[in-house]
Trainee: 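Below: one structure in C-alpha cells.
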Amino acid sequence: MGKSSDRKRKVNLDSSSSITNTTADNNDTNDDGSSLAKKHQATLSARQSSSINPWTGRSYSSRYHSILQTRLQLPVYQFQSQLLEAVASNQIVVVEGETGSGKTTQIPQFLVEVGYALPGKTIVGCTQPRRVAATSIAARVAEEMDVTLGKTVGYTIRFEDVSDSESTVLKFLTDGMLLREAMNDPLLSKYSVIVLDEAHERTLATDVLMGLLMEVLPKRKKGSKFGELKVVVMSATLDAEKFQSYFHGAPLLKVPGRTFPVEIFYTAEPERNYVEAAVRTAIQIHKCEGPGDILVFLTGEQEIEQACEEIRLGAQDMGKDAPELVVYPLYSSLPPAQQKKIFTPAPGPRVVGGPPGRKVVVSTNIAETSLTIDGIVYVIDPGFSKQKVYNPRIRVESLLVSPISRASARQRSGRAGRTRPGKCFRLYTEQSFYNDLQETTYPEILRSKMANVVLTLKKLGIDDLVHFDFMDPPAPETLMRALELLNYLGALDDEGDMTDLGRQMAELPLDPQLSKMLICSPDFNCSEEIVNIVAAMSVPQIFMRPRESAKAADEAKAQFADATSDHITLLNAYAAYEEVPIEERKQWCWDNFINDRSIASAQNVKKQLRNIMTRLDIPLVTCRGSNGKYDTNTIRMALTNAMYMQVAYLQRQGSYLTVKDNQIVYLHPSSVIDGKPQWVLFEEFALTSKNYIRTVTTTRGEWLVDMAPHYFDLDNFPECEAKDELILEYKKKLRRG
DNA sequence: GAGCACTGC
C-alpha cells in the first residue's frame with residue numbers, strides 16, 4: 001500500500017469525524033508523554049460533547065447516552081488520563097485491575113478514541129483466553145460505541161471472523177488466534193496496540209505471545225517500518241509486579257475493582273473426605289445462614305453428581321417445613337440447556353412471608369473463571385481441582401486431582417462478593433492455606449508438552465529457543481523431548497532447522513503427530529479417511545457411555561467397531577454420521593450414544609482442515625473400494641507412519657511395555673481391539689487405577705521396521721515374541737537389501 | 001473392565 005493512499009484515508013477520516021491522530025503516526029517525536037496525554041484529553045472532551053458518532057457519522061442513539069452514564073461510573077474512568085499518558089510515553093504498560101473495574105471493556109475504547117487505530121491501516125487488538133469472552137465483549141463494546149458489530153468493532157475466533165479489514169479499528173480475539181496471525185505476520189504489522197487481557201491466567205498462548213512481543217517490540221519502535229507497537233498487559237491483582245519486572249520495569253497502573261467484602265472461614269482440623277465435608281457444609285448453610293445462593297467447587301463430573309444427590313437427600317431430611325433447596329450440577333460436558341439452568345433464580349418462600357428458598361450450584365473450575373453466577377453469597381471451597389500435569393521423563397500428560405493455589409482460592413472466595421457481602425468456607429485449615437498451598441498455579445507452559453509450542457516458535461522465526469525469553473521457562477528436558485519428537489517426525493532436521501514438512505505441519509491447528517499423519521496420508525492413499533479420523537480425535541469424546549445405560553452404549557458402539565483399531569472405529573462412526581440426513585442427525589446421535597455437539601464440531605474441524613489441505617496442495621484421496629469398504633491396512637500404515645514413537649508390545653504376562661520408556665501399560669477397557677495383538681500404537685496414556693493406553697490401533701513389526709528402523713534398539717529389548725518378530729523382519733529387510 | 005478439569009488453533 002502506497003503512502004499516498006494512506007494519506008488520503010487519513011484526510012477522509014479527519015473530515016468526517018473529530019478523531020485526530022496524535023500518536024498512531026509516530027511522527028510527533030518531540031512530544032513527551034504528558035503533552036500527548038493533554039492532546040488526548042482535549043480529543044476526548046471534544047468527543048464526549050459531540051452528538052455525532054465519529055465512527056458512523058450518525059447521531060448517537062439514546063441508548064448510547066444511557067449506557068455512557070453507567071460507563072462513566074466505572075472505576076477505570078478515574079484512571080483514563082493516567083493510562084493514556086503511560087501508554088503515550090511507554091511501549092509496554094501493565095494494568096492491574098480487579099473484577100468490576102471495567103478495564104476489559106473501557107481501556108480498548110480509550111485507545112481507539114484517541115486515535116491509535118486508523119481504519120484500513122492499523123487496529124487495536126485485545127486478546128482473551130476464551131472464545132465466549134472474545135465474542136461477548138466485542139458485542140458489548142460495539143453496543144457501547146453505538147456501532148455495528150463486525151464493522152468498527154469486531155472479533156476473530158477459530159471458525160469465525162466477524163471483522164472487516166477496511167473498517168474495523170478494535171478487534172477482540174482469542175490469544176491463540178493472535179498467535180496464528182503472528183505466524184503469517186511475525187511483526188504483527190497491522191496492530192498499533194495489543195492489549196493482552198487476563199494475562200494472569202497464563203495460558204500457553206498468552207505466555208508464548210509475551211515472549212514473542214519481547215522480540216517484536218524492539219523491531220516496532222517509533223519510526224520503524226510498521227510504526228510503533230504498544231502493548232498493554234492486563235492482569236488481576238497479586239502478580240502484576242511479576243509482569244512488571246518481566247517487562248523490564250514497565251509502568252504499573254492499579255485500578256481498583258468494585259466488589260463486596262467476603263468473610264473467610266477455615267476448618268479447625270483437616271477434612272479427610274472433602275466431598276462429604278462439602279455436602280455437610282452446604283446443608284449446614286441452608287439450616288443456619290441467611291438467604292443467598294451457594295456455590296460449591298468440586299473436581300469432576302462424577303464427584304459433582306454424587307454430591308448433588310447427597311445434598312438433595314440432606315435437604316429432604318430437613319422436612320417439608322424447611323425452605324426449599326434446589327441443586328444444580330455444572331461442568332463443561334453438560335449439555336448447554338442444562339448448564340443454563342444454573343441461572344434460574346432461587347425458589348421463593350414455601351408460605352407467604354416465610355423464609356425464601358435457596359439454590360446450590362455444584363461446579364468444576366468452570367465457575368472459577370469462565371462462568372459467573374449472580375446472587376452467590378456463600379462459597380464452599382474444598383481446595384482441590386483437576387490439573388494437567390506433564391512428566392517429560394515418561395512423556396505423559398495426565399489429569400490429577402491437586403491442591404489449588406492461594407490465587408485460585410482467592411478467586412473462588414471472590415465469587416461470593418459480586419452482589420453483596422458474602423462468606424467463603426474453606427474446607428482446610430488456615431495454616432494449610434498459608435503453608436501448603438502455592439501462591440499461584442503453575443502456568444500451563446510448565447505443565448504441557450512443548451512440541452507444538454516449539455514448532456510454532458520455529459515458524460515464527462525464533463531459532464534460539466534456549467534464550468527465548470519465557471516468563472517461566474519450561475524445563476530443559478521438556479524442550480529436549482519436543483525437539484527430539486519434531487526431529488523424529490521430520491519437522492526439524494538434525495541441526496534443528498525447520499524442514500518443508502515442518503513448515504507445512506505448523507500450518508495445521510493440530511498436534512505435530514496428527515499434522516504429520518494428515519500431510520503424509522496421501523502416500524497411503526487415504527487422506528479422506530485420515531482427515532476424518534484426525535477431526536474426530538480433535539474434539540471431546542464422541543462415544544458416550546452414561547453409567548445407567550452402559551450396556552446399550554457399548555452395543556451401539558459395537559456397530560462401528562473395527563476389531564483392529566479404535567481409530568478406525570472412530571472413522572466408521574464419523575462416516576456413518578455424515579451419511580445421515582442433517583435433520584435426522586440429532587436423533588441418530590441420541591440413538592447411537594454419540595455426543596452430537598462433539599461430532600458436529602468435528603465436522604467444523606474437518607472443514608477447516610480440508611481448506612488448509614487445499615492451500616497446502618495435499619490431495620484428497622480415498623482407500624475406499626468400489627464395495628464401499630476401507631482398505632484398513634493402509635489406514636493402519638498411515639497411523640503407524642506418524643505414531644511409531646507411541647508404540648507398545650505384548651509381554652508374556654498380558655500387559656504391554658512401551659518402546660523406549662519401558663512403561664508397563666494395559667489396554668483401556670473402552671478399546672474395541674480384539675484379543676491381545678503383538679504390537680499396538682496408542683493415542684494417549686490415562687493414569688488412573690492402572691496405566692492405561694487409550695485409543696489403540698494394532699500395528700505390525702514389519703511396518704515398524706520399514707518406517708522407523710532407527711527407532712528400535714533391539715539390544716535393549718526384553719526377550720519376547722514381539723522382539724523375535726522384529727528380528728525376523730530386520731533380517732528380511734536386510735535380505736531385500 | 002473404566003472415568004473427560006478447563007481452554008485454544
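Note that the structure is predicted; figures quoted are calculated from it, not measured. Residue numbers begin at 1 in each chain, while the letters A, B, ... track the order of the sequences.
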Trainee: Between the side chains of A/E303 and A/Y331, does any donor sit under 3.5 Å from an acceptor?
Mentor: no

Trainee: Given A/E198 and A/K103, is the salt bridge (Lys or Arg N to Asp or Glu O under 4.0 Å) satisfied, shown in steps?
Mentor: CA-CA 10 Å; A/E198 313 283 7; A/K103 65 178 190 316; 5.1 Å; no

Trainee: In B/S/- notation, 5' to 3', how is nucleotides 2-7 of chain B contacted by protein heavy atoms closer than 4.0 Å?
Mentor: BBBBSS

Trainee: Less than 3.5 Å apart, any donor N or O on the side chain of A/D381 or A/Y428 sitting next to an acceptor on the other?
Mentor: yes

Trainee: Grab the CD-P distance between A/E160 and B/dC9 for me, whole Å please.
Mentor: 11 Å

Trainee: Is any side-chain N of the basic residue among A/R426 and A/E271 closer than 4.0 Å to the acidic one's carboxylate O?
Mentor: no

Trainee: Students often get this wrong, so: under 4.0 angstrom with heavy atoms, is A/L508 touching a base, only sugar-phosphate, or nothing?
Mentor: nothing

Trainee: Measure from CD on A/E181 to P on B/dC9 and round the result to the nearest Å.
Mentor: 11 Å

Trainee: In whole angstroms, how far is the P atom of B/dC9 from the CG atom of A/D185?
Mentor: 18 Å

Trainee: Just call it for A/T203: base, sugar-phosphate, or nothing, with non-hydrogen atoms closer than 4.0 Å on any strand.
Mentor: nothing

Trainee: Whole angstroms only, please: what is the CG-P distance between A/D175 and B/dC9?
Mentor: 8 Å

Trainee: Does A/E160 pair with A/R131 as a salt bridge, N-O distance under 4.0 Å?
Mentor: no

Trainee: How many whole angstroms separate atom CZ of A/R610 from atom P of B/dC9?
Mentor: 22 Å

Trainee: Rounded to whole Å, please give me the gap between CG in A/L510 and P in B/dC9.
Mentor: 13 Å

Trainee: With a 4.5 Å heavy-atom cut-off, do A/I612 and A/P509 have their side chains touching?
Mentor: yes

